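Inspection log for the structure reproduced underneath, given as structure tokens.
Just so it is clear, the model here is predicted, and its values are computed rather than measured. Ligands are counted one by one from 1 in listed order, and the atoms in each one are counted from 1 as well.
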Amino acid sequence: MNRKIIELANTDWRHAPANGGVDPIMALETGKVLYFPAMPFTLNDVEKAFLTSTILAPKKRNISLDANGKLNGVLLDHEARYQLAAMLARFRGCASELIASLLPSYSAWLRLAPTSYRPMQVEGRAQSWRADDRRLHVDAFPSRPNNGERILRVFANINPQGLPRVWRIGEPFEEVARRFLPRLKVFSPWQARVMHALHITKTRRSEYDHLMLQMHDAMKADLDYQSKADQISMAFPAGAVWVCFSDQTSHAVMSGQFMMEQTFHLPVERQYYPEVHPLAILRRLTGRILT
Ligand code: SIN
Ligand code: FE
């Protein structure tokens, strides 16, 4: 393995990793990807029928189950909708058990975001550069400010033909921040207020949200950076699970089809280590308080 990915041998969602000399919590919180090569999310016969992108509603890339149990993005009738929702809910349960066993002190503080199922083939997907996840980026969303919360994600490759999901993983967050901070636009509090008033953002963007979004865009816009940045390619095999803070780990998806994903939000002050997260790094580098 390499220093961007920490491989763990567990095969059961409910068991904390055998300690192979690495501290998985420190690894995760410093931006590494925790990788479980054999932790399959197994579909039953009914669920296997959902392994097709034809069930996606027009113009949708993902199917999601929100925290209230509402299924979005799908073209299916009542019975099948119910079965697909149950599949996503089951994945949500597995991902929650994994995080609870891996990071027990997070559990009380996690806020559940939608569970997603991504049945589209990554290659050949047409989209704008800003939405193109084939370019290295850290996650930051234009309409959803983070309000001091982290983005923790659990991914599972469920490809039935055994095709891997191929990612690139880039340089550590601090290197990304050092490189891009000098190029970013200055934060405008009044503009953040206006965008919230006009419902362009769901809540008011903070200076931290602004910097993260600017960094996301600046990384994706820089083709020279895309090809020359320190990076590795990683083929996550079918049956694998991986976990990272996607607002910290520079990542891009290059190929694959059929993946489950669960997002959790965590208040930044609930991490195990206080000085290694993006907010702390950006505070240190800018000399500003940031929220
Ligand atoms: C992303 O979070 O950028 C995409 C990950 C994936 O679809 O594999
Ligand atoms: Fe992403």
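A donor-acceptor pair shorter than 3.5 Å can be found between the side chains of Asp23 and Tyr273.
Asp139 has its closest N, O or S atom to the Fe ion (ligand 2) at the position named OD1.
Remark: side-chain polar atoms of Asn157 are paired, donor with acceptor, to backbone N or O of Leu163 under 3.5 angstrom. Using modelled atom types, one side-chain atom of His265 and one backbone atom of Arg150 make a donor-acceptor pair closer than 3.5 Å. In this structure a side-chain-to-backbone donor-acceptor pair under 3.5 Å is present from Asp247 to Ile151.
Using bins of under 30°, 30° to 60° and over 60° for the plane-to-plane angle, the ring pair His216/His137 lands in the perpendicular bin.
Considering His216, Gln257, His137, Met120 only, the shortest heavy-atom separation from atom 3 (O) of ligand 1 involves His137. With Arg61, His251, Arg135 as candidates, the residue nearest to atom 1 (C) of ligand 1 on a non-hydrogen basis is His251. Closest heavy-atom approach to atom 5 (C) of ligand 1 within the set Glu261, Arg165, Arg118: this belongs to Arg118.
Those atoms of ligand 1 that come under 4.0 Å of a heavy atom in Val253, given as number and element, are 4 (C), 6 (C), 7 (O), 8 (O). Atoms of ligand 1 lying under 4.0 Å from at least one heavy atom of Met259, given by number and element, are 6 (C), 7 (O), 8 (O).
When distances to the Fe ion (ligand 2) are checked against a cut-off of 2.8 Å, Asp133 contributes no N, O or S atom below that limit.
Taking the Fe ion (ligand 2) as the apex, the angle formed with NE2 of His137 and NE2 of His251 is 90°, to the nearest 10 degrees.
Here the closest heavy-atom approach between residue Arg204 and residue Asn147 is recorded as O-OD1, 4.0 Å.
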